[in-house]
Q: 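Got a structure for you, written out below as structure tokens; questions coming shortly.
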Amino acid sequence: MSAINIALIPLLPLASFLLLGLFGKKHFKESGGIIGTLSLLGSAGLSLWTAYNYFFVSGKVDGVYQKLEVLKIQWLEFAPGVSIDIGLLLDPISVMMLVVVTFISLMVHVYSLGYMKGEERFSIYYSFLSLFTFSMLGLVLSSNIFQIYIFWELVGVSSFLLIGYYFDKPSAVAASKKAFIVTRFADLGFLIGILILAFHAETLDFGTLIHRLTDSSSPQLHSAIAGGLFGISALTWGLLLVFIGGAGKSAMMPFHIWLPDAMEGPTPVSALIHAATMVVAGVYLVARLFPVFALSCPGALEVVMYVGAASALFAAVIACTQTDIKRVLAYSTMSQIGYMMFALGVSGYGGENGLGFTASMFHLFTHAMFKALLFLGAGAVIHYVHSNEMGDMGGLRKKMPVTHLTFLIACLAIAGVPPFSGFFSKEEILTAAFHSNKLVYGVALFTAGLTAFYMFRLYFSIFWKREYSNHGAHEEEHGGHGEAPFTMKLPLMILGVLAIVTGFVPFGEFVSSDGEALHSEFHLTMAIAPVVFGLAGIFVALMMYKSESNLPARVSSTMRGLYKGALHKFYVDEVYLFMTKKIVFNLIGRPSAWIDKNVVNGLVDAGGMFAQDGSEELSVWQSGKVQGYAIWFLVGVIALVVGFVFLAP
């Protein structure tokens, strides 16, 4: 595997960003989409070639997939042996993520050719997409923990630009700022965690850091365990703070509030950022440091487990009440990321004990396909109906046959219905949870039923329920094609096929916690319960939403308190607003402002006034009049003479 070819995977999108960002508006206003798409086609091709070579040709040695640092350049040297390097790291999870990021980004680029056609800032949009893709690829290829932080922040900047793409909409501007600020708080934890781990491990390099913090004879591990605060070891603090950074990017509780509002960005952006790439960065981060979590600090891994399970259930309940189709998918994403997190949390390290790790990465892989499909399908519906609200939809299955079929496939996949891809990855997660923690297994099983319910509530509300009279007008508006241009339908069809077949990939043969093949088996007994819960959720949605009735209203009135709380997202945003406006602003902000204005500025102003008044008093001594100087000179001489004559002994 050539280091140049691997380096080109992120560099091609970077070149596209620079070209379109600097010259796109003037020289590539119409062709910017083609340039961006071709760059991603090249990156995706190189990623697939790299994956083939790594998994089937040269990556495995003695039955174990190796960590290969194909490039390492010293960037900043602080002292002998202390430096920040820039490198490219290949291992099973980074290679898998290369394929996911470049392929989903390619699908979004192709889809956007039709969806964003006619936008005034068309080339700028593609430059932002390219910047995000470059940042995400740099993140997954990073060979050290500080390098990953650099690209982590670049991902945040890219998402800020894409969410706020419609900068003339106040809601989009507010959403982009909200996402940026909330994740900044989490990233502060990440940075502190990096400093703690690097201080005790005496390195930033992933390979060396993991080795030193998992080797029981390592003095660095003993130092990290011995040091601490409030009875908690430094290692635990470091890992928990790193996880806080991951929780922010992956919209886990309590940092989830930015994700639903981020739907203000263009719908293809949601498919890229909020389905397959940025929101799984936190999962990838925990997976990257998984040996340290599992072998040296199981307590921190337990926190990951419970936060993931709580987030999965919390988001699923809220998704059952939302009426904006993109917000339903946003909370669905949060719920599925929670699945991946608690799968890591219930996992051990090595062999069959590492089933949860493999299942988490498997679900990340399958979820990328069907969730991107759901977002792009939702985009096609919005493109046709010109609304995000379920109440403005219904009966679209005949008007939008391709979108209808592919959306149904994605719904079946996320609901865990066999033989679609989500069934296989969820079955492995639930098996791992069952053998590790029965409480988490129960939560996951119930969440699986809720997932099937809210996804088919969405499906029936869009494609069945009622016939809508305005569809004919939209069909004429779209030139008679009745659905979407081919550039939008092609990604739907490709992702629809992948949402079926990716479940049959023997994922454990390629990705495991210790690099050795994990020969996981299908357990029929373990599959029965989730399938039953999933089918039950689909059946309830069918009865309530396939056709118009007052049943949903009656059910919501029966569960008034829970329904109202879920509809208002359990008032978490309101709690944050209360804390910031009433507590932080009033009790901290205003006193700080008063001190700044009256004490700090007062002291500075007093110093200035003293200098000014003193200078005015002294200015009489510097009048510029020679006569005055002569008189004062004479007075001085007379005073000296008098002093010497009359006062001398």
Side-chain angles (χ1 to χ4, degrees), residues 10 54 59 65-70 72 85-101 135-155 186-187 189-191 193-198 201 203-214 235 238-250 252 277-297 300-301 303-304 308 337 340-341 343-345 347-350 354 356-365 510-515:
Y54 181 82
Y65 284 110
Q66 304 296 305
K67 286 180 169 59
L68 306 176
E69 194 166 9
V70 295
K72 185 174 182 178
D85 302 326
I86 297 295
L88 301 177
L89 177 66
L90 293 185
D91 68 351
I93 59 172
S94 66
V95 173
M96 180 270 293
M97 285 296 294
L98 280 181
V99 174
V100 168
V101 173
S135 305
M136 194 66 203
L137 290 170
L139 189 155
V140 301
L141 285 170
S142 295
S143 63
N144 66 77
I145 197 168
F146 192 79
Q147 182 184 347
I148 206 173
Y149 182 77
I150 294 171
F151 285 103
W152 191 272
E153 294 305 310
L154 273 175
V155 167
D187 291 352
F190 184 19
L191 179 59
I194 289 173
L195 297 176
I196 293 172
L197 294 179
T203 183
L204 294 168
D205 178 72
F206 275 125
T208 308
L209 183 145
I210 291 171
H211 173 72
R212 289 178 178 176
L213 295 182
T214 54
L235 179 62
L239 291 175
L240 287 178
L241 287 166
V242 167
F243 171 63
I244 285 174
K249 275 286 189 288
S250 292
M252 294 289 95
T277 52
M278 174 177 162
V279 290
V280 299
V283 180
Y284 178 80
L285 180 62
V286 175
R288 171 59 65 210
L289 293 172
F290 183 74
V292 184
F293 276 96
L295 296 176
S296 301
C297 197
L301 197 58
V303 173
V304 174
I337 300 297
M340 300 172 205
M341 282 292 191
L344 290 172
S347 182
Y349 183 80
F357 178 92
T358 299
S360 176
M361 296 297 99
F362 192 17
H363 197 55
L364 187 157
F365 182 69
F510 306 110
V511 179
S512 65
S513 59
D514 58 359

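Quick caveat, the model's predicted, so the values are computed rather than measured.
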Q: Are Leu209 and Leu204 close enough that some pair of their side-chain heavy atoms sits under 4.5 Å apart?
A: no
Q: I'd like to know if the side chain of Ser250 and the backbone of Met252 have a donor-acceptor N/O pair within less than 3.5 Å.
A: no
Q: Would Val242 and Ile196 count as a side chain to side chain contact (heavy atoms under 4.5 Å, CB included) here? Give the steps.
A: CA-CA 10 Å; Val242 167; Ile196 293 172; over 6 Å; no
Q: Check whether any side-chain N or O of Ser360 sits under 3.5 Å from a backbone N or O of Ala343 as a donor-acceptor pair, and report yes or no.
A: no
Q: Would you say Pro92 and Tyr54 make side-chain contact, with heavy atoms under 4.5 Å?
A: yes
Q: Please name the pair of heavy atoms, one in Ile210 and one in Pro291, separated by the smallest distance, quoted to 0.1 Å.
A: CG2-CB, 3.7 Å
Q: Could you pull out all residues at least two apart from Arg212 that satisfy salt bridge (charged side-chain N to carboxylate O under 4.0 Å, His left out)?
A: none
Q: What residues form a side-chain hydrogen bond (donor to acceptor under 3.5 Å, both in side chains) with Ser512, not counting sequence neighbours?
A: Asp514
Q: How many angstroms lie between atom OG of Ser135 and atom CG of Leu154, to the nearest 0.5 angstrom?
A: 4.0 Å
Q: Please determine which of Met278, Met136, Lys249 meets the side-chain contact (heavy atoms from CB on, under 4.5 Å) test together with Trp152.
A: Lys249
Q: Quick check for you: to the nearest 0.5 Å, what is the distance between Phe146 atom CZ and Leu195 atom CG?
A: 8.5 Å
Q: Is any side-chain heavy atom of Val292 less than 4.5 Å from a side-chain heavy atom of Leu235?
A: yes
Q: Looking only at heavy atoms, which two atoms of Gly248 and Ala186 are closest? And how far apart?
A: CA-CB, 3.6 Å
Q: Any side-chain heavy atom of Asp85 sitting closer than 4.5 Å to one from Gln147?
A: no
Q: Only distances under 3.5 Å count here; give the side-chain donor-acceptor pairs of residues 281-290 to other protein atoms, sequence neighbours excluded, each with its distance to 0.1 Å.
A:
residue: Tyr284; atom: OH; partner: Val140; partner atom: O; Å: 2.6
residue: Tyr284; atom: OH; partner: Arg288; partner atom: NH2; Å: 2.7
residue: Arg288; atom: NH1; partner: Asp91; partner atom: OD2; Å: 2.5
residue: Arg288; atom: NH2; partner: Asp91; partner atom: OD1; Å: 3.1
residue: Arg288; atom: NH2; partner: Asp91; partner atom: OD2; Å: 3.4

Q: Between CD1 of Ile194 and CD1 of Ile148, what distance do you get to the nearest 0.5 Å?
A: 8.0 Å
Q: Looking at side-chain heavy atoms only, is the closest gap between Phe362 and Val511 below 4.5 Å?
A: no
Q: Going from CG on Leu68 to OG on Ser143, what distance comes out if it is rounded to the nearest 0.5 angstrom?
A: 12.5 Å
Q: Start with the C-alpha gap between Leu89 and Val70, add the side-chain angles, then the distance that decides, and say whether side chain to side chain contact (heavy atoms under 4.5 Å, CB included) holds.
A: CA-CA 6 Å; Leu89 177 66; Val70 295; over 6 Å; no
Q: Is any side-chain heavy atom of Asp205 less than 4.5 Å from a side-chain heavy atom of Ile145?
A: no
Q: Let me confirm one number: the CZ-CG distance from Phe243 to Leu301, rounded to the nearest 0.5 Å.
A: 9.5 Å
Q: Report yes if the side chains of Leu344 and Phe357 come closer than 4.5 Å at any heavy-atom pair, otherwise no.
A: yes
Q: Roughly how far apart are Ile86 CD1 and Lys72 NZ, rounded to 0.5 Å?
A: 11.5 Å
Q: Going through the checks in order, is the side chain to side chain contact (heavy atoms under 4.5 Å, CB included) test met by Phe293 and Tyr349?
A: CA-CA 9 Å; Phe293 276 96; Tyr349 183 80; over 6 Å; no
Q: Report yes if some heavy atom in the side chain of Met97 is under 4.5 Å from a heavy atom in the side chain of Leu139; otherwise report no.
A: no
